[in-house]
Participant: 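This is the structure I have questions about; it appears just below.
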Amino acid sequence: MVHDLLIIGGGINGAAIARDAAGNGLKVLLCEAGDLAGQTSSASSKLIHGGLRYLEHMEFRLVREALLEREVLLQSAPHIIWPLRIVLPHHKGLRPVWMLRLGLFLYDHLGARKRLPGTSRADLTRPPHAGILQPQYRKGFEFSDCWADDARLVVLCARDAADRGAEIRTQTRCTGLARSDDIWNVDLEHSGGVRETVAARAVVNAAGKHVDDVLEILYPDRDAQNLRLIKGSHIVLPRLYEGDHLYMFQNSDDRIVFAIPYEKDFTLIGTTDVPYDPADGPPKISDAEIDYLLAIANDYFARPVSRESITWTYSGVRPLFDDKSDNASTVTRDYVFDLDRGDDGEGAPLLSIFGGKITTCRKLAEHAMERLEAVLHFGSRPWTAGATLPGGDIEDGDFDRFLALAETRYPWLDAFVRQRLARRYGTRMALILEGIASMEGLGRDFGAGFYEAEAGYLIAQEWAVTAEDMLWRRTKRGLHMSEDEIAGVEAWVAGQG
């Protein structure tokens, strides 16, 4: 069998391209060395946003594309993406009011808005802001963006791709690439040591921070240096304020830091922008990054936060295209394609992707298919703009009404668990609850509202292999569970083998 498209990498870029290609009827195989969203794509700030700060760097095309995508993604998955209001306090020592107002005017008008409200002034001395920030912050602005469960967005793209015929293989590493005229022969190695060679008409290199490593498999004599690796870290603390709004804090280094309501009980603060060296090992937050985030938080919040109150941290590496900028914060966040057809320019195509962000994943996939269509003539056409993701086929995108209907359909289900399942799975919660008519029917209660029925679904439908896959990417339940409860899930997973 010859696949039309083999995709290397199961992050947001690879999963979105697999979805688009499969929906166009292509035979698609996606291979991921670890878990879906196992690295950068689960370590974002969880926002679907236009990138207000990018306006200062004149990246108008990127900002406009991202702004337009907010409501497209919101409509496609209202269970895992929803609107939020961002509060930007005015800091008298930093950007003047006129500059903030101008930037937000552009932000409101560069991209069409149908559901998201525009900018308004914020009186920080009145509820819901009174007492949250230090007294010198009296005025600011409110504007709109969206929240997204980043890892679930990746999984849902993969699930949609699989439902449309794609083959998704996690724990499968690409170890060899050989071009034979108009066909690729690709060597794959599975986690159990099984090896095979598959054929494909085209290959997409969407390996994130390993894009250059994949290129070196093909060209071992070349020193690929296309990426600028930037580490971004976050800290999670017990909830610092009431309300669903997000705070956007300016800093004297011209960067911004978000304080975001997270998992109901917590506040997420991030992110940093520091160079990353793979020789340092897996990305993790440094003491300097913790100090940086705490200092900014304590410059704004009325109630001091300390290192001792940190519940959890996470770090990811942004594989940005190296535009030779001197400052990590000014490196372009736009994505770049490189189409390689061999020395004669006529061979089977290899499309390598550098950069990208969660917000523009769908549009990036469209553009990738356009590049491949131009050389292979698959007959592909754009289709994803009006399509929902799995579980997102909620009438009118009205999640509150959907949740009320779920209460009617599952009156026996604990309200907390019902809300959890609705938010994580949307209409696909019916697959988890099929044939179950009582709380006992959910099986073992692992803690924090996580039951055996859900765990089984994650293995059968969402490629979860380990407890970490389940608890820290697909559900975030690990943040709410004790060490003993997490160990219970680990033991259960081990018993499934």
Side-chain angles (χ1 to χ4, degrees), residues 45-60 62-71 73-74 81-148 239-262 267-271 293 295-305 329 359 400:
S45 295
K46 325 299 182 190
L47 299 177
I48 299 294
H49 67 120
L52 179 62
R53 188 170 61 88
Y54 305 155
L55 290 175
E56 290 187 316
H57 305 304
M58 311 299 284
E59 298 203 56
F60 296 112
L62 175 62
V63 174
R64 175 172 167 75
E65 181 173 280
L67 289 171
L68 290 170
E69 283 298 292
R70 293 178 306 177
E71 296 199 18
L73 293 177
L74 177 61
I81 301 172
W82 57 89
L84 55 74
R85 292 293 278 175
I86 298 178
V87 179
L88 173 59
H90 173 234
H91 190 306
K92 292 183 179 179
L94 299 177
R95 297 169 180 87
V97 169
W98 69 263
M99 183 180 292
L100 299 180
R101 187 183 295 114
L102 175 60
L104 290 167
F105 176 84
L106 292 172
Y107 205 71
D108 278 346
H109 292 87
L110 274 175
R113 288 182 296 105
K114 295 180 180 177
R115 298 176 57 183
L116 299 177
T119 297
S120 62
R121 287 186 172 273
D123 184 345
L124 305 181
T125 67
R126 300 173 62 84
H129 310 296
I132 295 175
L133 303 181
Q134 293 185 22
Q136 65 265 33
Y137 301 107
R138 301 180 59 82
K139 296 181 180 180
F141 297 92
E142 290 187 9
F143 63 100
S144 294
D145 270 320
C146 295
W147 161 270
R239 188 164 186 145
L240 298 177
Y241 61 91
E242 294 301 318
D244 296 328
H245 55 282
L246 173 160
Y247 286 107
M248 179 178 179
F249 298 148
Q250 303 177 76
N251 193 43
S252 57
D253 61 1
D254 291 332
R255 296 202 65 256
I256 55 94
V257 164
F258 295 113
I260 310 169
Y262 188 59
T267 298
L268 172 65
I269 297 179
T271 180
L293 294 175
I296 295 176
N298 285 322
D299 190 35
Y300 282 87
F301 283 120
R303 187 178 69 180
V305 294
S329 295
T359 306
D400 290 337

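Computed from a prediction, not measured in an experiment: that's the story for all the values here. Here, residue 1 is the first one in the sequence, and each next residue gets the next number.
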Participant: Phe105: what forms a ring-ring contact (aromatic ring centres under 6.0 Å, His included) with it, not counting sequence neighbours?
Facilitator: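 In terms of ring-ring contact (aromatic ring centres under 6.0 Å, His included), with neighbours along the sequence ignored, Phe105 is linked to His109.
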
Participant: What about Tyr54 and Phe60, are their ring centers closer than 6.0 Å?
Facilitator: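 No: the rings miss the under 6.0 Å criterion.
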
Participant: Where do Gly270 and Leu293 come nearest, in terms of heavy atoms and distance?
Facilitator: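 Looks like CA-CD2, 4.0 Å.
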
Participant: Mind checking ring-ring contact (aromatic ring centres under 6.0 Å, His included) for Tyr137 and listing every partner two or more places apart, or none if nothing turns up?
Facilitator: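 ring-ring contact (aromatic ring centres under 6.0 Å, His included) list for Tyr137, sorted by chain: His91, Tyr300.
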
Participant: Could you tell me if the side chain of Phe141 sits less than 4.5 Å from the side chain of Val97, heavy atoms only?
Facilitator: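 Yes - at least one pair of side-chain heavy atoms lies under 4.5 Å apart.
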
Participant: Find the distance between CG (Leu100) and CG (Leu88) and round it off to the nearest 0.5 Å.
Facilitator: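 Going from the CG atom of Leu100 to the CG atom of Leu88 covers 5.0 Å.
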
Participant: State the CG-CZ distance between Leu240 and Phe301, to the nearest 0.5 angstrom.
Facilitator: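 Leu240 atom CG to Phe301 atom CZ measures 5.0 Å (nearest 0.5 Å).
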
Participant: Looking at every heavy atom in both Gly131 and Ala302, which two are closest together, and how far apart are they?
Facilitator: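 Shortest heavy-atom separation between Gly131 and Ala302 comes out as O-CB, 3.5 Å.
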
Participant: What class does the angle between the rings of Tyr247 and His245 fall in, given that below 30° is parallel, 30 to 60° is tilted and above 60° is perpendicular?
Facilitator: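 Ring orientation of Tyr247 relative to His245: perpendicular.
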
Participant: Measure the OG-CG distance between Ser252 and Asp299 for me, rounded to the nearest 0.5 Å.
Facilitator: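 Answer rounded to 0.5 Å: 8.0 Å.
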
Participant: Using the side chain to side chain contact (heavy atoms under 4.5 Å, CB included) rule, take Cys146 and Thr359 through it: C-alpha gap first, then chi angles, then the decisive distance, then the call.
Facilitator: CA-CA 10 Å; Cys146 295; Thr359 306; over 6 Å; no

Participant: Could you walk me through whether Thr271 and Arg255 satisfy the side chain to side chain contact (heavy atoms under 4.5 Å, CB included) test, starting with their C-alpha distance in whole Å, then the side-chain angles of each, then the deciding distance to 0.1 Å, before giving a yes or no?
Facilitator: CA-CA 9 Å; Thr271 180; Arg255 296 202 65 256; 4.0 Å; yes

Participant: In the structure I gave you, are the side-chain heavy atoms of Pro117 and Ser144 within less than 4.5 Å of one another anywhere?
Facilitator: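 Contact flag for Pro117/Ser144 side chains = yes.
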
Participant: Show the numbers, then the answer: is there a side chain to side chain contact (heavy atoms under 4.5 Å, CB included) between Leu106 and Leu52?
Facilitator: CA-CA 9 Å; Leu106 292 172; Leu52 179 62; over 6 Å; no

Participant: Do side-chain atoms of Glu242 reach the backbone of Pro128 as a donor and acceptor pair under 3.5 angstrom?
Facilitator: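 No; zero donor-acceptor contacts below 3.5 Å.
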
Participant: Which residues satisfy the side-chain hydrogen bond (donor to acceptor under 3.5 Å, both in side chains) test with Arg95, sequence neighbours excluded?
Facilitator: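 Arg95 satisfies side-chain hydrogen bond (donor to acceptor under 3.5 Å, both in side chains) with Glu56, Gln250 only.
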
Participant: Asp254: what forms a side-chain hydrogen bond (donor to acceptor under 3.5 Å, both in side chains) with it, not counting sequence neighbours?
Facilitator: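 Asp254 satisfies side-chain hydrogen bond (donor to acceptor under 3.5 Å, both in side chains) with no residue once adjacent residues are dropped.
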
Participant: On a heavy-atom basis, which atom in Val63 and which in Gly51 lie closest, and how many Å separate them?
Facilitator: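 Closest heavy-atom pair between Val63 and Gly51: CG2-O, 3.6 Å.
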
Participant: Considering all heavy atoms of both residues, which atom of Tyr241 and which atom of Ala259 are nearest to each other, and what is their separation?
Facilitator: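 Heavy atoms of Tyr241 and Ala259 come nearest at OH-O, 3.1 Å.
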
Participant: May I ask you to check whether over 12 heavy atoms, not counting those of Asp244, lie within 6.0 Å of atom CG?
Facilitator: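 12 or below, so no.
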
Participant: Go through the steps to decide whether Leu74 and Ile48 satisfy the test side chain to side chain contact (heavy atoms under 4.5 Å, CB included), and finish with yes or no.
Facilitator: CA-CA 9 Å; Leu74 177 61; Ile48 299 294; over 6 Å; no

Participant: Do the side chains of Asp108 and Leu67 get nearer than 4.5 Å, heavy atoms only?
Facilitator: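 Counting from C-beta outward, Leu67 and Asp108 never come under 4.5 Å.
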
Participant: I need the minimum non-hydrogen distance between Pro261 and Gly243, along with the two atoms involved.
Facilitator: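 In terms of heavy atoms, the two residues are closest at CG-O, 3.7 Å.
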
Participant: Looking at residues at least two apart in the chain, or sitting in another chain, which of them share a ring-ring contact (aromatic ring centres under 6.0 Å, His included) with Tyr107?
Facilitator: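 ring-ring contact (aromatic ring centres under 6.0 Å, His included) list for Tyr107, sorted by chain: Phe143.
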
Participant: Only pairs at least two apart or in different chains count here, so list each salt bridge (charged side-chain N to carboxylate O under 4.0 Å, His left out) that has a residue in residues 136-148.
Facilitator: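 Only Arg70-Asp145, Arg85-Glu142 qualify under salt bridge (charged side-chain N to carboxylate O under 4.0 Å, His left out).
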
Participant: So, using side-chain contact (heavy atoms from CB on, under 4.5 Å) as the criterion, who are the partners of Asn251 when residues are at least two apart?
Facilitator: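 So Asn251 forms a side-chain contact (heavy atoms from CB on, under 4.5 Å) with Asp253, Tyr292, Ile296.
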
Participant: State, with a plain yes or no, whether a side-chain heavy atom of His129 is found less than 4.5 Å away from one of Val87.
Facilitator: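 They are in contact (side-chain heavy atoms under 4.5 Å apart), so the answer is yes.
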
Participant: Hey, could you give me the CG/CG distance between Leu133 and Leu124, rounded to the nearest 0.5 Å?
Facilitator: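 Going from CG on Leu133 over to CG on Leu124, the span is 6.0 Å.
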
Participant: Output the distance between atom CG (Leu246) and atom CH2 (Trp147), rounded to the nearest 0.5 Å.
Facilitator: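 CH2 of Trp147 is found 9.0 Å from CG of Leu246.
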
Participant: Using the test ring-ring contact (aromatic ring centres under 6.0 Å, His included), find all partners of His90 that sit at least two apart in sequence or belong to another chain.
Facilitator: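 Applying ring-ring contact (aromatic ring centres under 6.0 Å, His included) to His90 gives none.
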
Participant: Run the side-chain hydrogen bond (donor to acceptor under 3.5 Å, both in side chains) test against Thr267 and tell me which residues pass, sequence neighbours left out.
Facilitator: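 Expected list: none.
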
Participant: Listed by chain and number, what are the side-chain contact (heavy atoms from CB on, under 4.5 Å) partners of Pro96, not counting sequence neighbours?
Facilitator: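 Partners of Pro96 by the side-chain contact (heavy atoms from CB on, under 4.5 Å) criterion, ordered by chain and then number, come out as Trp98, Met99.
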
Participant: With sequence neighbours excluded, give me every salt bridge (charged side-chain N to carboxylate O under 4.0 Å, His left out) pair touching residues 117-126.
Facilitator: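 Applying salt bridge (charged side-chain N to carboxylate O under 4.0 Å, His left out) to every pair that reaches into residues 117-126, excluding sequence neighbours, yields nothing.
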
Participant: CD of Glu65 to CG of Leu110: how many Å apart, nearest 0.5 Å?
Facilitator: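 Interatomic distance, Glu65 CD to Leu110 CG, rounded to 0.5 Å: 12.5 Å.
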
Participant: Salt bridge (Lys or Arg N to Asp or Glu O under 4.0 Å) with Glu71: which residues, sequence neighbours excluded?
Facilitator: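 In terms of salt bridge (Lys or Arg N to Asp or Glu O under 4.0 Å), with neighbours along the sequence ignored, Glu71 is linked to no residue.
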
